[in-house]
S.K.: 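The following block contains the structure, expressed as structure tokens.
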Protein chains: 4
Amino acid sequence: MTEKSLEPKPPRRRRKEARPQELLAAALALFVEKGYAATHSDEVARRAGVSKGTLYLYYPSKDELFKAVVRATLSNLIAEAAQLAEQHQGTTAELLLQIGGIWWERIGSRPAAGLHRVLLAELPHFPELQRFYADEVVAPADQLFTRALQRGIDRGEFRPVPLDEACYALIAPLLLRALDNGTLWAPPSTMPPERLLATQIDILLRGIERRDGPAPEQAGRRGAA
Amino acid sequence: MTEKSLEPKPPRRRRKEARPQELLAAALALFVEKGYAATHSDEVARRAGVSKGTLYLYYPSKDELFKAVVRATLSNLIAEAAQLAEQHQGTTAELLLQIGGIWWERIGSRPAAGLHRVLLAELPHFPELQRFYADEVVAPADQLFTRALQRGIDRGEFRPVPLDEACYALIAPLLLRALDNGTLWAPPSTMPPERLLATQIDILLRGIERRDGPAPEQAGRRGAA
Amino acid sequence: MTEKSLEPKPPRRRRKEARPQELLAAALALFVEKGYAATHSDEVARRAGVSKGTLYLYYPSKDELFKAVVRATLSNLIAEAAQLAEQHQGTTAELLLQIGGIWWERIGSRPAAGLHRVLLAELPHFPELQRFYADEVVAPADQLFTRALQRGIDRGEFRPVPLDEACYALIAPLLLRALDNGTLWAPPSTMPPERLLATQIDILLRGIERRDGPAPEQAGRRGAA
Amino acid sequence: MTEKSLEPKPPRRRRKEARPQELLAAALALFVEKGYAATHSDEVARRAGVSKGTLYLYYPSKDELFKAVVRATLSNLIAEAAQLAEQHQGTTAELLLQIGGIWWERIGSRPAAGLHRVLLAELPHFPELQRFYADEVVAPADQLFTRALQRGIDRGEFRPVPLDEACYALIAPLLLRALDNGTLWAPPSTMPPERLLATQIDILLRGIERRDGPAPEQAGRRGAA
DNA sequence: GATGAATGAGCGTTCATTCAT
DNA sequence: TATGAATGAACGCTCATTCAT
């Protein structure tokens, strides 16, 4: 059974530069798969192909490892979307669809999506991370959506809806999909995910877009039902 | 069974029947407050006013205690909403608002809401519970909403939207509020929660309701925008 | 080799009252024998006949266990000597010999003596204990000796020696014996320890006792040879 | 020795000969400062300005490093004092004061003093070192003092005191000062250390020096009060 | 039934030592 | 020779679970 001693023991590899990313990747996968508490430090190390001691050479504690995983996973994501918004020329509805697409590419369709589930459970235990998340993720994202909505209203594309509530209604399905990829609520799966996203945003937009007035080209978007 | 009533001194046996509920209530509160892993068995016992040994007299393990908490908290909630749907007479939009209201009363505004956060993190570790949740909670709720939407479409109240996607868009803000009451995303707080709920459902309904044709009375719902 | 599983496993004994003392005794013995760092918590537990977990039921950390050992070992020792001094009637030289005797009985000839060796090495790492030791052990003991010397001088038994230096010269051989029972310097062993103690105190007393005259020779002391 | 000054590029080999001493100096400082267990190998290396691997190039283990530190620090100290004693001409009391002075210069006022504290705690774990210390430090020093006392007695300078006990009483304050510089017992500080030392030796000498007569009072010594 | 003292497997973390470069 | 990344045995401590009372 214990053929441990028989194996020739893999050689030590020196890769100081690559190690942090390897460890973060292994940790992200395990945190997402098993949650924070059930992820053991030697498991992370083994999955990254190193020993437990090596893990602690790069991250001084499990806490810090988790924080590093979150920061590395979520950093620089919002900035891109914001840039996009600045440069956008077309319809506001199109802008919102584009933002949704970016989100899907960078978060929704990646391990980062699963990280949100862990964050939901663990953020209260990591105040520092809580602040990081609020400042670096929530605030910019909220601003992004709010501004887009305001723009749509200003340009007469949308009815004057309450910004906060409309924003929440837009974000909820996206965020929920990231949080709960089939655990609590199975998302509809009759179409490829990117189409699905578009469909939902579309439904929501219908709820806020201006009707009576001069936005007939929107009706043509999908054939006016 | 025992000749309890004959004995002149029932010194400590009292409340024996209430014990399970008390333990479940204590466990629910702690699981919601601290998560599964961070909830310790002696804390549960202490909060229920008994000793650690007694807890194990009623539930053979922490796992089983958790399962019992989930079952006890979520059982019989769906049935009521289903009943409601059967008897409903008015507009489908009104029906959906009523279902939302019930959900808010029975889940959203109670500890059960917090339980969803824990479930999201722990369900994958409890396959048995996973099945229970899928069968007893998700399936009926999904059916409820789907049927209501179908009814609305059949009666010409709504456009013929894809059922699954519309259903998800309806449920997402409700479920998200239960899961994440301000941890990941702060819900809008400019109005009391029950009004807020109505506003969001309203926005969504706007996205699916039939326009051109004979559903003007819907517009009257809140003043025709 | 591993006949562990064959042994019938000793029964759990419940002795909440006795446990603290048993643990302190085991810990004292091991701390003295191996020092603070080399004493492992499960060793202490095993020597006390309990499991590692039980140790932590009574003392929340190795630090606290050590502090408790020191306090329990040194408390109430000084008070007795002080009482003695108050009531003493005879010669001051006799008083000093008596104090030395008490010290030998309560510290010098017991495990407490070995504890001083550990204290010497560890006190700098335990500031709280450092204060306890300074307040509860050093200060009273110093006062005790200083007052006795002053009394001897006042009563004309001793020459007017510098109090501090004489005090240190008196205490040094006693304390050194406690610290170093043969490790660094083998104490003379040609006579039973209590006699030995008396002999050394006697030598010191000779150095301070008043001689017949008014001690004019103090200046030319060594010209007498 | 090496043609160091001739070479135009001494890229890294320089100081190769000095390495052992630098490592010993760094290790001595840390062992004294923090004790054996709390001194970490990479700290020693860093303080010596080399890497951890280099340390192990010179000393195969922490144990051996410690032994080397002790040997290097204590070697050749006793021999000098012995020489001194051989050549001494004056009073024996003067000789003892001189030995004390040497001790103060070479041990008491240097890092070597602090090493004694560590030795006291660790010698039992290093039997080999124990033997070295007994043979190279204690035995010569004991001989030194014993011979001086015997000489004093032979020459009629001192009363015929028991040699061992007198020797211990002489050494105790010196050794205690080295061991415990204020940790367990604060030495008197009203005068500069070298005067202090003289004062204490003086007090002790008083206890053993021969008085004018044939010391008949020895029997009724304490009746003098 | 009820208690809570006792257990021990298991975790996060450290650090003396090794070895590929 | 010198480096410092890598190792892994070992420690302090936790906590779900057991069981004598």
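Quick note on labels: first sequence line is chain A, next is B, and so on, each numbered from 1. Computed from a predicted structure; not experimentally measured. Scope of the values below: all heavy atoms of this structure, side chains included, with no hydrogens, waters or symmetry mates.
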S.K.: Would you sort out whether Leu55(A) and Glu43(A) count as a side chain to side chain contact (heavy atoms under 4.5 Å, CB included), showing the intermediate values?
M.R.: CA-CA 10 Å; Leu55(A) 169 59; Glu43(A) 237 178 326; over 6 Å; no

S.K.: Whether the side chain of Thr39(B) engages the backbone of Leu30(B) through a donor-acceptor N/O pair (distance < 3.5 Å, no angle test) should be reported.
M.R.: yes

S.K.: Using whole Å, what does the distance between atom C1' of nucleotide dC15(E) and atom CG of Leu30(D) come to?
M.R.: 15 Å

S.K.: Rounded to the nearest angstrom, tell me the gap between atom CG in Asp42(A) and atom P in dA10(F).
M.R.: 16 Å

S.K.: Identify all side-chain donor-acceptor contacts of residues 120-128 of chain C below 3.5 Å with residues at least two apart in sequence or on another chain.
M.R.:
unit_1    : atom_1 : unit_2    : atom_2 : d
Glu122(C) : OE1    : His125(C) : ND1    : 3.0
Glu128(C) : OE1    : Lys67(C)  : NZ     : 2.6
Glu128(C) : OE2    : Arg71(C)  : NH2    : 3.4

S.K.: Heavy-atom nearest nucleotide on DNA chain E for Ala37(A) versus His40(D): which residue maps closer to 5'?
M.R.: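 Residue closer to the 5' terminus by nearest nucleotide: Ala37(A).
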
S.K.: Please give, in whole Å, the distance from dG4(E) P to Glu43(B) CD?
M.R.: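 Checked: the CD to P distance equals 17 Å.
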
S.K.: For Glu22(D) and dT1(F), what is the distance between atoms CD and P respectively, to the nearest whole Å?
M.R.: 16 Å

S.K.: Rounded off to whole Å, could you give me the CZ-to-C1' distance for the Arg46(C) and dT7(E) pair?
M.R.: 14 Å

S.K.: Can you tell which of dC15(F), dA6(E), dT7(E) lies closest to the side chain of Arg19(C)?
M.R.: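 The listed nucleotide nearest to Arg19(C)'s side chain is dA6(E).
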
S.K.: According to a 3.5 Å limit on both distances, what stems of 3 or more consecutive Watson-Crick or G-U pairs are formed with DNA chain F?
M.R.: E:2-21 with F:2-21

S.K.: If you measure from CD on Gln130(A) to CG on Leu119(A), what distance do you get to the nearest 0.5 Å?
M.R.: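 Nearest 0.5 Å value for the CD-CG distance: 9.5 Å.
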
S.K.: Looking at DNA chain F, which of residues 52-64 of chain A put a heavy atom within less than 4.0 Å of it?
M.R.: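 Contacts with DNA chain F under 4.0 Å: Lys52(A), Gly53(A), Thr54(A), Leu57(A), Tyr58(A).
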
S.K.: Where is the tightest heavy-atom contact between Lys52(C) and Ser41(C), given as atom of each residue plus distance?
M.R.: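 Where Lys52(C) meets Ser41(C) most closely, the heavy atoms are CD-OG, 4.0 Å.
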
S.K.: Classify the side-chain pair Thr54(B)/Arg19(B) by whether it contains a donor and acceptor separated by less than 3.5 Å.
M.R.: no

S.K.: Are the side chain of Lys34(A) and the backbone of His40(A) linked by a donor-acceptor contact shorter than 3.5 Å?
M.R.: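 No: the side chain of Lys34(A) does not pair with the backbone of His40(A).
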
S.K.: Does the side chain of Ser51(C) get closer than 4.0 angstrom to OP1 or OP2 of dA6(E) through an N or O atom?
M.R.: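 For dA6(E), OP1/OP2 do not have a side-chain N/O of Ser51(C) under 4.0 Å.
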
S.K.: If you assign Val50(A) and Thr39(C) each to the DNA chain F nucleotide with the nearest heavy atom, which residue ends up on the more 5' nucleotide?
M.R.: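 First, find each residue's nearest nucleotide; the 5'-ward one identifies Val50(A).
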
S.K.: Report yes or no: is the cationic atom of Lys62(D) (NZ for Lys, CZ for Arg) closer than 6.0 Å to the six-membered ring centre of Tyr36(D), at no more than 45° off its axis?
M.R.: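 Ring-cation test returns yes.
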
S.K.: Can you tell me how far CZ of Arg47(B) sits from CD of Glu33(B), rounded to the nearest 0.5 angstrom?
M.R.: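 Separation between the atoms: 5.0 Å.
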
